[in-house]
Number of protein chains: 2
Amino acid sequence: MLLANEQPVTAADKTFILLRDDIVEGRIVAGSKLSETELSTKYAVSRAIIREAINRLEACHIVERKANVGARVVALSQQGLIELYQVRESLEGMAARLAAVNMTHEEIDDLMGLLKRHFDEIKDGQSYYQEAGDVDFHYRIILGSKNKHLISMLFDGIYHLVRMYRVQLGMAGPRVTTAYDEHKHIVKAIANRDAELAEMLMRRHIMYSKNSIEAKLS
Amino acid sequence: MLLANEQPVTAADKTFILLRDDIVEGRIVAGSKLSETELSTKYAVSRAIIREAINRLEACHIVERKANVGARVVALSQQGLIELYQVRESLEGMAARLAAVNMTHEEIDDLMGLLKRHFDEIKDGQSYYQEAGDVDFHYRIILGSKNKHLISMLFDGIYHLVRMYRVQLGMAGPRVTTAYDEHKHIVKAIANRDAELAEMLMRRHIMYSKNSIEAKLS
DNA sequence: TATTGCTATATTGTCGACATAATGATGCTT
DNA sequence: AAGCATCATTATGTCGACAATATAGCAATA
């Protein structure tokens, strides 16, 4: 699935996305230094383009930069993952709360349809659910919040980092069936326009997910 | 009071801060277009510097940019304010929750001292409390969360926007004494290490603040 | 008169070169 | 031999110029 509706138009846009994906997918290792000149030859653009891309990556917290020294890809740590999920719990909880108020009936119906497709896939034993389906589910609810800041923070910022942890610490894996039930209850709360419950269930859902990942790391 | 410990070293840093403050304080009007050449003469730097500053402002959601067209200062709207406070409620609620767990005893003592000074100032009828004191109070709790993402999102992003709304829609004003009581209870919850209550109280506190501002706008 | 296509202009996007600060090596001093 | 100062090198920061794109104005046509 394609992230947000970001259609790169300028060279800086394209380079930003290329570089970001190379980092998130681990082709550029976490913690490594980003040399502007090196990258400019690698991606065949001028240093100015690379600088703009790096600046944007810094805003996403994917790289850290020190003045007159350079930029490094962030290092992954258990502490970092925990902090990330704390923010996710907070923001996505609020997203679910707002979605319960702001989603249209059609959007809710679509969400239910998505859930049903997931159910069928699970029955058939397909378990690529986690990566694509789970993300898709969360996306719709976040969009359903209709809150620009929330949407941007999660899509442009948090989610790429989450993905980076997922890919590089290698966590496809289970929690599929239980996650499905949690999703179902969240949708039900949203359909009932129960904002309070929707937020609570979403927060629990993300907490469980965090705990599951943490368990694997230990 | 000075925002975070940002000490600009490069020219782009300085220009970024200058430009940001000019926008936040309303010296550059909301919704207006930002011409790169114009700004580069105004701030006496090259266009590259201005471009970098604008890029950073875009990351803060203070300006919006369209490719090959240019950047505009965001427009202020009641809807925008509401969305901003929804995010604030979410993030600062989580910050209070984490602060209840992660703040040291010394930090909590300091926070109590700050609260006491505020109390004395209120008694003396000084009411610059709102601007400086309130911000300071919230800052300490956010820092107390010890969560890098949370801190960065609020300090580098949300707070400048909140300030922009405060300044430009002209809301110094009351809610001082009631806010003081709310602050007191939040600190008490943190001191008792009651994370759940701290979060709830902080969320209510921000909701009340939002309601108060909304009432003024109508 | 409204609309469409072209052109001129102004603004943004991109580039290569120069300025400046950090880093590591080299040699000197104690 | 260890530590410090100096210098060369390398990378980042900054700049002005050129290229590409959007916008406004004008003219021509239906």
Side-chain angles (χ1 to χ4, degrees), chain A residues 4-23 27-75 156, chain B residues 4-23 27-75 156:
Chain A
N5 44 350
E6 49 185 351
Q7 37 188 2
V9 15
T10 169
D13 291 341
K14 293 169 195 161
T15 307
F16 163 64
I17 293 178
L18 283 177
L19 184 54
R20 186 190 61 193
D21 288 349
D22 280 346
I23 292 174
R27 289 183 289 275
I28 296 177
V29 293
S32 63
K33 184 167 190 312
L34 295 177
S35 160
E36 294 183 357
T37 50
E38 190 181 321
L39 291 175
S40 85
T41 61
K42 176 173 177 180
Y43 294 98
V45 290
S46 80
R47 259 187 63 222
I49 304 292
I50 296 292
R51 278 179 70 80
E52 182 168 339
I54 290 180
N55 276 328
R56 292 198 215 172
L57 288 171
E58 190 189 11
C60 305
H61 301 121
I62 290 178
V63 312
E64 290 168 344
R65 143 174 283 176
K66 272 200 296 186
N68 288 313
V69 172
R72 307 192 76 87
V73 179
V74 293
D156 301 334
Chain B
N5 44 348
E6 49 185 350
Q7 38 188 359
V9 17
T10 169
D13 292 341
K14 293 170 194 159
T15 308
F16 163 65
I17 293 177
L18 284 176
L19 184 54
R20 185 190 63 194
D21 289 349
D22 280 347
I23 291 174
R27 288 184 290 275
I28 296 177
V29 293
S32 64
K33 185 168 189 314
L34 294 177
S35 160
E36 295 183 356
T37 51
E38 191 182 321
L39 291 175
S40 86
T41 62
K42 177 173 176 181
Y43 293 98
V45 289
S46 83
R47 258 187 64 221
I49 304 294
I50 296 293
R51 278 179 69 80
E52 181 168 341
I54 290 180
N55 275 329
R56 292 200 216 172
L57 288 171
E58 190 190 11
C60 306
H61 301 122
I62 290 179
V63 312
E64 289 167 345
R65 142 173 286 178
K66 272 200 296 187
N68 288 312
V69 173
R72 308 192 75 88
V73 179
V74 294
D156 300 334

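To find a chain, count down the sequence lines: A is the first, B the second, and so on, and within it residues start at 1.
Following rounding to the nearest Å, B/Leu39 (CG) and C/dT11 (C1') show an atom-to-atom distance of 13 Å. Atom CZ in B/Arg72 sits about 13 Å away from atom P in C/dT11, given to the nearest Å. When the C1' atom of C/dG13 is taken as reference, atom NZ of A/Lys14 falls 12 Å away, rounded to whole Å.
Judged as a side chain to side chain contact (heavy atoms under 4.5 Å, CB included), and not counting sequence neighbours, the contacts of B/Thr37 are B/Ser35, B/Arg47.
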Revision key, fill the gap. B/S/- along nucleotides 11-22 of chain D (protein heavy atoms under 4.0 Å) is SBBBB-B---SS
Exercise for review: Step by step, work out the side-chain contact (heavy atoms from CB on, under 4.5 Å) result for B/Lys14 and B/Ile17.
Suggested key: CA-CA 5 Å; B/Lys14 293 170 194 159; B/Ile17 293 177; 6.0 Å; no
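The stretch residues 38-59 of chain A participates, sequence neighbours left out, in no ring-ring contact (aromatic ring centres under 6.0 Å, His included) pair at all.
Here the CZ atom belonging to A/Arg51 is positioned 12.0 Å from the OG atom belonging to A/Ser40, to the nearest 0.5 angstrom. Here the straight-line distance linking atom CG of B/Asp21 with atom CZ of B/Phe16 works out to 9.0 Å at 0.5 Å rounding.
The side-chain heavy atoms of A/Thr15 and A/Leu39, taken from C-beta on, include no pair separated by under 4.5 Å. For the pair B/Ile28 and B/Leu34, the minimum side-chain heavy-atom distance is below 4.5 Å.
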Donor-acceptor pairs are to be reported for all side-chain atoms of residues 56-74 of chain B against protein atoms at under 3.5 Å, with residues two or more places apart or in another chain.
{"residue": "B/Arg56", "atom": "NH1", "partner": "B/Asp13", "partner atom": "OD1", "Å": "2.9"}
{"residue": "B/Arg56", "atom": "NH2", "partner": "B/Asp13", "partner atom": "OD1", "Å": "2.8"}
{"residue": "B/Arg56", "atom": "NH2", "partner": "B/Glu52", "partner atom": "OE2", "Å": "2.9"}
{"residue": "B/His61", "atom": "NE2", "partner": "A/Ser152", "partner atom": "OG", "Å": "2.8"}
{"residue": "B/Arg65", "atom": "NH1", "partner": "B/Asn55", "partner atom": "OD1", "Å": "2.5"}
{"residue": "B/Arg65", "atom": "NH2", "partner": "B/Glu36", "partner atom": "OE2", "Å": "3.4"}
{"residue": "B/Arg72", "atom": "NE", "partner": "B/Gly31", "partner atom": "O", "Å": "3.2"}
{"residue": "B/Arg72", "atom": "NH2", "partner": "B/Gly31", "partner atom": "O", "Å": "3.2"}

For nucleotides 5-10 of chain C, tabulate all protein N/O to nucleotide N/O atom pairs closer than 3.5 Å, reporting atom names and distance.
none

